[in-house]
There are 2 protein chains.
Amino acid sequence: MKDNSDMPGHLARRFQQIAVAVFLAEVGEAGFDLTPVQYAALATIKANPGLDQVTLAGLIAYDRTTITGVIDRLVQKGLAERRASSRDRRARELEITDEGRRTLRKITPAVESAQRIMLQGLSTGEGDELMRLLRKAIAAGNELSRAPLREA
Amino acid sequence: MKDNSDMPGHLARRFQQIAVAVFLAEVGEAGFDLTPVQYAALATIKANPGLDQVTLAGLIAYDRTTITGVIDRLVQKGLAERRASSRDRRARELEITDEGRRTLRKITPAVESAQRIMLQGLSTGEGDELMRLLRKAIAAGNELSRAPLREA
DNA sequence: CGATATTGCTCAGTATGCTGACTATCAGTA
DNA sequence: TACTGATAGTCAGCATACTGAGCAATATCG
């Protein structure tokens with residue numbers, strides 16, 4: 001039988017597990033309580049003010065049923081707002097709050113530090129190559145998950 | 001601001017997301033209802049008969065609080081058995097059942113096919129290199145998650 | 001215009017994963 | 001042997017992720 005470490009699926013799970021742990025550790029040490037998922041959502045809301053939930057989900061490849069709870073928590077923490085859209089009464093327009101902006105700004109060094117730590121065992125060239133290969137594999141498999149990436 | 005695709009953490013999450021979807025699709029098409037986590041646990045029980053839950057968790061880098069539920073479901077499906085250990089009354093000895101063995105045997109082609117599909121966008125050499133880099137990054141970060149890999 | 005299809009969002013249910021706490025048991029030592 | 005610490009397992013609680021269903025609103029087409 002194959003060893004676990006010969007299975008890309010197992011390696012994917014393990015790398016993601018470490019990535020989340022490192023993110024939470026760095027961000028927590030900086031005094032913030034934000035998950036990787038919440039961070040990505042908040043940063044994307046800031047970069048695309050007024051976007052709706054489906055568009056947000058597409059931009060970061062989340063399932064639309066997952067995003068509901070994520071935004072609930074961002075709103076509950078006072079970092080984002082959810083408003084009814086005037087153009088489409090089904091949709092919700094998302095905005096970042098001033099506190100959300102402040103949090104993003106202050107949290108950035110910890111987030112960047114976390115990205116470095118995840119790759120700490122690799123040289124710079126190896127880290128770049130890993131990201132390139134991941135991007136390529138992800139692009140080829142984009143449509144295979146229920147939550148594919150969608151351009152704006 | 002950095003793009004998502006420059007963040008190893010985001011790429012990790014996305015690759016894992018696709019890997020799970022591909023696994024479930026291939027295994028489901030073969031007529032089985034087994035998650036990647038359940039598969040890894042079952043295969044490891046088969047390879048290490050009578051091992052306890054903490055050892056199993058270490059071998060596949062699961063949290064010990066997660067493994068309880070995973071084994072519950074394997075037992076519930078009739079694929080594994082959980083027995084009290086005679087040497088240590090705190091511990092549970094895990095065994096695969098005949099049906100578990102049958103399931104593993106029949107599911108293997110689907111699992112291997114899933115591993116290939118995850119890397120379908122890469123050449124053979126690139127796939128090998130991706131796995132090498134993931135293994136290296138994971139080895140360096142092994143102790144950073146609550147559920148590090150532990151040798152037998 | 002009206003029937004139909006599609007879309008945006010939510011919800012119930014299930015399965016990882018984690019934190020932190022707790023019980024029962026075991027191991028080492030004074 | 002009694003005390004102390006460590007270990008195996010479970011549990012409650014929270015946060016992703018997914019499936020599948022449903023509701024309300026919009027878009028499309030005959």
Side-chain angles (χ1 to χ4, degrees), chain A residues 9-10 12-14 16-25 27-28 33-41 51-58 60-74 76-77 82-94 144-148 150, chain B residues 9-10 12-14 16-25 28 33-41 51-58 60-77 82-94 144-148 150:
Chain A
H10 185 264
R13 180 188 156 279
R14 190 79 187 96
Q16 149 79 353
Q17 183 181 45
I18 291 169
V20 171
V22 167
F23 186 100
L24 293 176
V27 165
D33 172 31
L34 213 63
T35 66
V37 162
Q38 289 165 14
Y39 169 81
L51 86 174
D52 64 290
Q53 294 186 191
V54 167
T55 305
L56 170 59
I60 48 187
Y62 291 5
D63 193 275
R64 71 186 192 289
T65 65
T66 301
I67 213 98
T68 299
V70 173
I71 296 175
D72 281 350
R73 287 179 278 279
L74 287 178
Q76 219 251 315
K77 290 177 183 177
R82 176 155 44 187
R83 282 199 299 270
S85 165
S86 49
R87 280 166 295 143
D88 185 339
R89 274 186 300 173
R90 292 168 302 180
R92 311 298 158 89
E93 285 176 359
L94 304 173
L144 300 179
S145 79
R146 174 163 138 164
R150 296 285 178 227
Chain B
H10 185 265
R13 181 188 155 280
R14 190 78 186 94
Q16 149 78 353
Q17 183 182 45
I18 291 169
V20 171
V22 167
F23 185 101
L24 292 177
D33 173 32
L34 212 62
T35 67
V37 162
Q38 289 164 15
Y39 169 79
L51 87 174
D52 63 291
Q53 295 187 189
V54 167
T55 304
L56 170 60
I60 49 187
Y62 292 4
D63 192 275
R64 73 186 192 287
T65 65
T66 300
I67 213 99
T68 299
V70 174
I71 296 173
D72 282 350
R73 288 179 277 279
L74 287 177
V75 169
Q76 219 251 314
K77 290 176 182 177
R82 177 156 41 190
R83 282 199 299 270
S85 166
S86 49
R87 280 166 297 142
D88 186 340
R89 273 186 302 172
R90 293 169 302 179
R92 312 296 158 91
E93 285 175 0
L94 304 172
L144 300 179
S145 79
R146 175 163 137 162
R150 297 283 178 230

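Residue numbers begin at 1 in each chain, while the letters A, B, ... track the order of the sequences.
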Under a 4.0 Å heavy-atom criterion, the protein footprint on nucleotides 2-12 of chain D, written with B, S and -, is ----BBSBBB-
Those residues at least two apart in sequence (or on a different chain) that pass salt bridge (Lys or Arg N to Asp or Glu O under 4.0 Å) with A:R73 are none
So the contacted stretch of DNA chain C, first to last nucleotide with an atom under 4.0 Å from a non-hydrogen atom of chain A, runs from C:dT7 to C:dC18
Taken in chain and number order and not counting sequence neighbours, the residues that satisfy side-chain contact (heavy atoms from CB on, under 4.5 Å) with A:A61 are A:L149, B:R14, B:Q17
Original post:
Does the side chain of A:Q16 get closer than 4.0 angstrom to OP1 or OP2 of D:dA17 through an N or O atom?
Top reply: yes
Residues at least two apart in sequence or cross-chain that pass side chain to side chain donor-acceptor pair (under 3.5 Å) with B:Q16, listed by chain then number, are none
Side chain to side chain donor-acceptor pair (under 3.5 Å) filter on A:T35, not counting sequence neighbours, yields none
Ordered by number, residues from residues 17-25 of chain A within less than 4.0 Å of DNA chain C (heavy atoms) are A:Q17
**Message:** Once you apply a heavy-atom cut-off of 4.0 Å, does A:T66 come out as touching a base, just sugar-phosphate, or nothing?
**Reply:** base
By side-chain contact (heavy atoms from CB on, under 4.5 Å), B:R64 pairs with (sequence neighbours left out) B:R146
Nearest heavy-atom approach of B:L56 to B:A41 is CD1-O, 4.0 Å
Taken to the nearest whole Å, CD/A:Q76 to P/D:dT16 is 12 Å
Sorted by chain and number, sequence neighbours left out, side chain to side chain donor-acceptor pair (under 3.5 Å) with B:D33 holds for none
By salt bridge (Lys or Arg N to Asp or Glu O under 4.0 Å), B:R83 pairs with (sequence neighbours left out) B:E81, B:E95
Taken to the nearest whole Å, CG/B:D63 to P/D:dA15 is 17 Å
Item to complete: Evaluate the side chain to side chain contact (heavy atoms under 4.5 Å, CB included) criterion for residues B:L34 and B:L74: first the C-alpha distance (whole Å), next the side-chain angles of each, then the deciding distance (0.1 Å), finally the verdict.
Response: CA-CA 9 Å; B:L34 212 62; B:L74 287 177; 4.3 Å; yes
Those residues at least two apart in sequence (or on a different chain) that pass salt bridge (Lys or Arg N to Asp or Glu O under 4.0 Å) with A:R90 are A:D88
Sorted by chain and residue number, the side chain to side chain donor-acceptor pair (under 3.5 Å) partners of A:R82 (sequence neighbours excluded) come out as A:Q53, A:D72
From OH of A:Y39 across to P of D:dT16 the rounded distance in Å is 16 Å
